[in-house]
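Numbers restart at 1 for each chain; the letters A, B, ... are given by sequence-line order, proteins then strands.
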Amino acid sequence: MLKQIVAVTAINLKSIPRRFWLSLSTVVAVALVVMVLLSFLAMSAGFRRTLASSGAADVAIVLRAGARAELNSVIARDQVRLLEDAPGVARDAQGKPLASAELYLVVDGIKKTTGTKANLPLRGIGESGAAIRKGIRLTEGRMFAPGSNEVVVGKSLLREFQGFELGRTVKFGTALWTVVGVFEADGSVFESEIWADLPVVQSLFNRPNTFQILRARLSGPDGLAAMKAFNDGDPRLKLDVKSEQDYFSEQSSQTSDLIQKLGWPLAIAMAFGAMAGALNTMYSSVASRSVEIATLRAIGFGGFPAFVGTLVESLLLAGIGGVIGAVATWLIFDGFSASTLGASFTQVVFSFRLTPALIGQGVALALIVGLIGGLLPAIRAARMPIVQGLQG
Amino acid sequence: MSDTSLVRLAGVSKGFVKGKDAITIFERLDLAIPQGDFVAVMGPSGSGKSTLLNLLGGIDRPDSGEIHIAGSRIDTLSEGQLSQWRAATIGFVFQFYNLMPMLTAAQNVELPLLLTRLGKAERRTHVETALKIVNLADRAKHYPREMSGGQQQRVAIARAIVSDPELLLCDEPTGDLDRASADEILGMLTILNRDLGKTIVMVTHDPAAARYASRTLHLDKGHFEEKELAA
């Protein structure tokens, strides 16, 4: 039986050049389906990775109770002081708490690609703000000087928005600010931010005693629990304490789920179209090979090899389409930089990310299209009456 | 009707439905063909010549009656059993050769051997022998498009005999050929019948082709009439 299957499949595949354009149309249709799916999934994966890499398990975030994002949060100075001394907060060599109360504001920026306005995050950070975060490195210039109108900008923000080159002066609110440094942060969301000295930001934006978030490095694995217990036990603190990792994980899941919920239905809708194309191609294939199929059956070949041969042809065409779609998506979109609104209504810059697992999903979808598209024609090939087939 | 016949039809009826009409092709047809016979079947279009050949080859089924070939009653076999039976017993030669255009002459001839337990080397030996019999040993690696119609039909004959079947069924084997090529093919069938003992049933419209057969059956209105013997 195996020899029969190999022979019939080889005959099928060798006859594909006779149906070149029809076969090509199936390949292209499947490739487009896979491209659409993978571009959405790569977008979702890239966004998720950007936010996931932003969060550290050993850093605690404190927001107002019920606030899901920094923009909705307010923390008073007294609360900041209480929390800085909370158990679970790590301290530096001098015994000062490794904590950074921060103010998060929205300022205007212009996208380089479209020339349109977009919301950018200006973050006033405390003395320990950069040190608490993981992977922060200055790639150009220096850190802002305390008490000055100086900013450092993330490299993704510099790439996507106009006017943030080193040495340039930008206007936020009524004040002018000088860009004195560019930093990278392992591709995390912080690379989409502008950082300045907290007291200067509070002063120039007239928010003297207001903070929106407190970041604190934890003293150890039990640090978060200790901090939470302290927060829960003090009636002056009606705040939410969570790990930075959990915070960003919650933020990323909302947007990436939305992207996936758009991507899959669109890809599946297109897959139905491609399936119809594959069905048409394979019915045409069976029709054009009817004499060959019937001749082989007359010689003594069984119907099953004809079934397998037709199905293999369909799977091969769809598989080629899937691989072409995946390669094209990788060439066009992998590493492609884009930005979208994050949970705090500011732009998050991220890169599309096409992983082997996503490519696997794309090729699997292509093979499903090939399998379903080839099934009925394969059954027809196997069941075709020999006499009818010999008549062509 | 002899029980030693290679082919025996007993009370075979066959018809088909066209629209609301039931059309009868045969009604209780009987036929016996002894082993080693070379029979030409002639008759007007629509008389059922090709249907008869299809029934003998097990690629069509009678509505009623019995078909015995080479000791097997084939009208009761399943599709799978029929496939195996055809592979072992029947060699087909078609009017338009029905070669696989993407395969060489040798690969086409090898196809029936893929249904046997023969190894690659044995298959190659059988293919070479079959191609020698039809005088095409030097064309083994040629594709059908590189050969004339007569040569393609010789490849088809080689394919039909390569697994040494007892019965060759030829459906208008010279219908697509010029006279010289047709004579060559018919001469080859005669040799296969005379020297190798193959039983041959050949459907033809051509009286000149029928003269190569040892006897000719005329099929008309569902009945046979034996009219003449070959010269």
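- Other residues, nucleotides and ligands contribute more than 12 heavy atoms inside 6.0 Å of the CH2 atom of B:W85.
- More than 12 heavy atoms of other residues, nucleotides or ligands shown are found within 6.0 angstrom of CZ on B:R61.
- Expressed to the nearest 0.5 Å, how far CD1 of A:I11 lies from CG of B:L103 amounts to 4.5 Å.
- Closest heavy-atom contact between A:E292 and B:P101: OE2-CD, 3.6 Å.
- Within 6.0 Å of the NZ atom in B:K132, the count of heavy atoms belonging to other residues, nucleotides or ligands does not exceed 12.
- Considering CE of B:M102 and CG of A:L13, their distance stands at 10.0 Å, rounded to 0.5 Å.
- Proximity to chain A is absent for every atom of B:I90, based on heavy atoms less than 4.5 angstrom apart.
- Contacts between A:F301 and chain B at a heavy-atom distance below 4.5 Å involve backbone atoms as well as side-chain atoms.
- For the pair B:S83 and A:G302, the tightest heavy-atom approach, listed with the atom from each and the gap, is OG-CA, 4.3 Å.
- Only the side chain of B:F94 comes within less than 4.5 Å of a heavy atom in chain A; its backbone stays farther off.
- Other residues, nucleotides and ligands contribute over 12 non-hydrogen atoms within 6.0 Å of the CZ atom of B:R73.
- Side-chain atoms of B:F92 and A:I299, non-hydrogen and from C-beta on, never get closer than 4.5 Å to each other.
- For chain B, the nearby parts of A:R297 are the backbone and the side chain; heavy atoms of each come within less than 4.5 Å.
- Only the side chain of B:N54 comes within contact range of chain A, judged by heavy atoms closer than 4.5 Å.
- In this structure a side-chain-to-backbone donor-acceptor pair under 3.5 Å is present from B:R86 to A:A298.
- When heavy atoms are compared at a cutoff of 4.5 Å, B:L114 approaches chain A by way of both its backbone and its side chain.
- Interface remark: B:E79 contributes side-chain atoms only to the contact with chain A (heavy atom separation under 4.5 Å).
- The structure places CD1 of A:I386 at 6.0 Å from CD1 of B:I59, a figure rounded to the nearest 0.5 Å.
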